[in-house]
Amino acid sequence: MNFSEVFKLSSLLCKFSPDGRYLASCVQYRLVIRDVNTLQVLQLYTCLDQIQHVEWSADSLFILCAMYKRGLVQVWSLEQPEWHCRIDEGSAGLVASCWSPDGRHILNTTEFHLRITVWSLCTKSVSYIKYPKACQQGISFTRDGRYLALAERRDCKDHVSVFVCSDWQLLRHFDTETQDLAGIEWAPNGCVLAVWDTCLEYKVLLYSLDGRLLSAYCAYEWSLGVKSVAWSPSSQFLAVGSYDGKVRTEQRARGRQGPSADRGLTHRFSPQVRILNHVTWKMITEFGHPATVTNPKIVVYKEAEKNPRLALGRLAFPPPRATAGAASNTESKYEIASAPVSLQTLKPIADRANPKVGIGALAFSPDNYFLATRNGDFQVLSLCWHFSGDSLALLSKDHFCLCFLEPEERVGTAFGRPGDHT
Amino acid sequence: MGEWMTVTDPHLSSESKNICQYTSETKMSPSSLYSQQVLCSSIPLSKNVHSFFSAFCTEENIEQSISYLDQEQLETSRREMIGLQERDRQLQCKNRNLHQLLKNEKDEVQKLQNIIASRATQYNHDMKRKEREYNKLKERLHQLVMNKKDKKIAMEVLNYVGRADGKRGSWRTGKTEARNEDEMYKILLNDYEYRQKQILMENAELKKVLQQMKKEMISLLSPQKQKPRERADDSTGTVISDAEEDAGELSRESMWDLSCETVREQLTNSIRKQWRILKSHVEKLDNQVSKVHLEGFNDEDVISRQDHEQETEKLELEIQQCKEMIKTQQQLLQQQLATACDDDTTSLLRDCYLLEEKERLKEEWSLFKEQKKNFEKERRSFTEAAIRLGLERKAFEEERASWLKQQFLNMTTFDHQNSENVKLFSAFSGSSDRDSLTVHSRPRQKKPHGVSNGSPVCASKLTKSLPASPSTSDFCHTRSCASEHSSISVLNITPEETKPNQVGGEGASQKWSMASGPGSQEGCYSGCSLTHTNSHVEKDDLP
């Protein structure tokens, strides 16, 4: 592995084009397009303000730059550098902007989530969608780009609208039985929509494409619920990662205050990932993330540095060959820790919201064999699989590292029991 | 207890008997077992008791001592009983306390849950209120934004881009709505069909597996029926009938092989039946084994445990011996490999390792030689065929030339001289024609210069020069001489010469380099020899 020279970047805005030929990066208000093989600058565009969001169109012909402060979106063409397009939301403000799957429409979410405006690059038509919901993941396109599911909130109730992307016609509109919808996601086969509720209530609902409720799943009550959801690439399984806090009371020493003294509440979290199957939508298995790993069959790789840091969270692979980050001076290697291994878990502060516990990230391997999960506040920001399913990239704020399996370790059992390699 | 009462003989030596007698009379409150235990415990002490009695108990105060002993025993037993009762009471007390604690905790948990529930409803209510207010604000803001008709909200684009799929956009009509619905349902249906197919396939496979299992189970159980069993239970009768039934079912199932309800039920029921039979059979075997163990029955079908253990011990010993042998052999082998520095032995070893290789190589070599011979034979035949072809072509060309000549003669008028010249010319042209043809000219040995070996290019050149004129004929003559020379020179070609193209031209190389090496040489020779003879003949003919 080799490394190129270091380029300037602002706001972590750096994206490969979908066809893999170009690399777009932002420096302040300039957009730089480079060729992937030579890293030579092919195009340089100047926007009107500091860029907050960059997104390639699906066919890699256009790229949009969103400037939320000014409420502007500028679109550039790769084929014709002199082509330009500017969308000004004016006083409506801009909070989010994204492409439609056909690469010819731009969806702008105005401030306060008042509405979503669909601007067309082909015609003069403009569409408005009212009452979009402001939540973690309110918009979801199907993989084939046919349908758009949008979470809405009307009259204090959650609804989901399904639009046809070709002409932006409303196909279905139904309400959901959630308290406060937190996210929606299409299954890769485009026929089932997973809807999950806020973390105050554990509820996962599954709707068919035509709006029928297929199933509702609830693992437990009262404790913090769903944190992350991921579909398996074959649409057969739905992985639900949760907080799984168990509330325990403990008595403090009763002093002079007597029996009416405050009882201290300690939360003991043992987050689980639960897998639902697509036939019955019931749980078929769950993976625990215990604080101590005692099973001798599980292999734990621990990052060892000069200053011993936190052990890695649960992953499914053996150590990487590349050392983490050429830019940093600290080198680390991975060694196999002997059982029993205690995975360091921080005790969450009980009176803060959004505790940094629970399964924050889930990623299935593209061949459906493995599931990678990130528990707690381990410093991994994202998990990216290679399309062949052989390796996994872990990205943290300053580093990344690559995990891959040796050929003889790829035993083909479903899920490879992520218990087997930790 | 009754039998002890009958012993009344005072002259009995054992004091314990008296004690027995008396203790049996005194009805002690603890159970008889207890008293017997006391007795048993006292009997080992009988010696001490004896001596004690002898010191302490005389004929006179025997009654007193007995009563005293009784009292002691009573006391101890009473004390123990009280102690145990106390302990029991304490434990029960503790148990009650724990139960109470548990109830308290449960109550508290319930209370907390209720608190949580009430707080949750309160929060929800508050949230709804706030949300309604927020919605109102949003509506107001929306109105303001829309009313203002902000000129700035616009899109400015250089030129509109074509759609990704190249089609034109369509209007939103009722028809498009219906079409969208249709498409949506089509997608759903496709997905369901696909999944159903998968499930059906899985079902079929599982059914196959189950049927196989059933067959195997039946076959497992059937050989057992043949052995005569004295302990034959009723179940064997049912086993036979079941197996027959199942065999019939098998055929029925394979006949239908549909996924209808009845077939499925039949399959599962028969599997369950078989499994039950198998289980009972295994249990029977277990019982038999244990019975044998208890009764020591040495049935020929059942091996006693001791024999079994002996066998296992023997086997283990054997295993040990084998292992040791393997170890020693390994060591010897290593020694061999390590200390094989003796030259003779190493060379011998090497030779013997290589002998096989040599044999094989020899075989392969002979194979190669054979193949080479075959190849050469083929090559020779090919060249002969080529030669023949050439000759035929030559003949054809000759005919053509003669025909053209006829034509020409017919067209123009020639006197005798000319005809002679013509003859000469014809001879030469004929020869030139012949020159133009390639090897092997047996039928033309009479004619001068039948052959131009290995000079088809020469030939082509000569054919070009066919409109014969005396000059050309001379040219031909010289050419033919040249070809003659060339023939000789060709003869002198050594085998290594693969390009006999002094004759000139690509054609030669084309013809002959294909058959390079000895083959070509031979072909060359064959052709050349003939040409040689021809040329000799021709030499004579030529002026």
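- Heavy-atom pairs under 4.5 Å with chain A peak, among B:I116, B:I187, B:N190, at B:I187.
- The number of heavy atoms from other shown groups lying within 6.0 Å of CZ (A:F174) is above 12.
- Results of the side chain to side chain contact (heavy atoms under 4.5 Å, CB included) test with A:W99 over A:D59, A:I63, A:L121 single out A:L121 as the only residue that passes.
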Could you check B:E156 against A:D88 for side chain to side chain contact (heavy atoms under 4.5 Å, CB included), going step by step and ending with a plain yes or no? CA-CA 8 Å; B:E156 181 196 304; A:D88 193 341; over 6 Å; no

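- A distance-only check finds no donor-acceptor pair linking the side chain of A:R143 to the backbone of A:P188 [under 3.5 Å].
- Most heavy-atom pairs under 4.5 Å with chain B, from the set A:R86, A:K130, A:E201: that is A:R86.
- Residue A:R153 touches chain B through its side chain alone, counting heavy-atom pairs closer than 4.5 Å.
- For A:H278, the parts lying under 4.5 angstrom from a heavy atom of chain B are both the backbone and the side chain.
- Around the CG atom of A:D155, the shell of radius 6.0 Å holds no more than 12 heavy atoms that belong to other residues, nucleotides or ligands.
- Among pairs with a residue in residues 115-134 of chain A, none fulfils ring-ring contact (aromatic ring centres under 6.0 Å, His included), at least two apart in sequence or across chains.
- Only the side chain of B:Y134 has a heavy atom closer than 4.5 Å to any heavy atom of chain A.
- Ring pair A:H159/A:H173 is parallel by interplanar angle, where below 30° counts as parallel and above 60° as perpendicular.
- Chosen from A:E82, A:R146, A:Q80, the residue pairing most often with chain B at heavy-atom distances under 4.5 Å is A:R146.
- Judged as a ring-ring contact (aromatic ring centres under 6.0 Å, His included), the pairs with a partner in residues 57-94 of chain A (not counting sequence neighbours) are, in order, A:Y45-A:W76, A:F62-A:W83.
- Top candidate by heavy-atom pairs under 4.5 Å with chain A, chosen from B:K138, B:R195, B:H142, B:M184, is B:M184.
- Each of A:G190, A:C191, A:S208 has some count of heavy-atom pairs under 4.5 Å with chain B, and the biggest count is that of A:C191.
- Of the atoms belonging to A:Q179, it is side-chain heavy atoms, and not backbone ones, that fall under 4.5 Å from chain B.
- Top candidate by heavy-atom pairs under 4.5 Å with chain A, chosen from B:D191, B:V109, B:N180, is B:N180.
- With a threshold of 4.5 angstrom between heavy atoms, A:S125 does not approach chain B through any atom at all.
- Contacts of B:N124 with chain A are made by side-chain atoms alone, with heavy-atom separations under 4.5 Å and no backbone atom involved.
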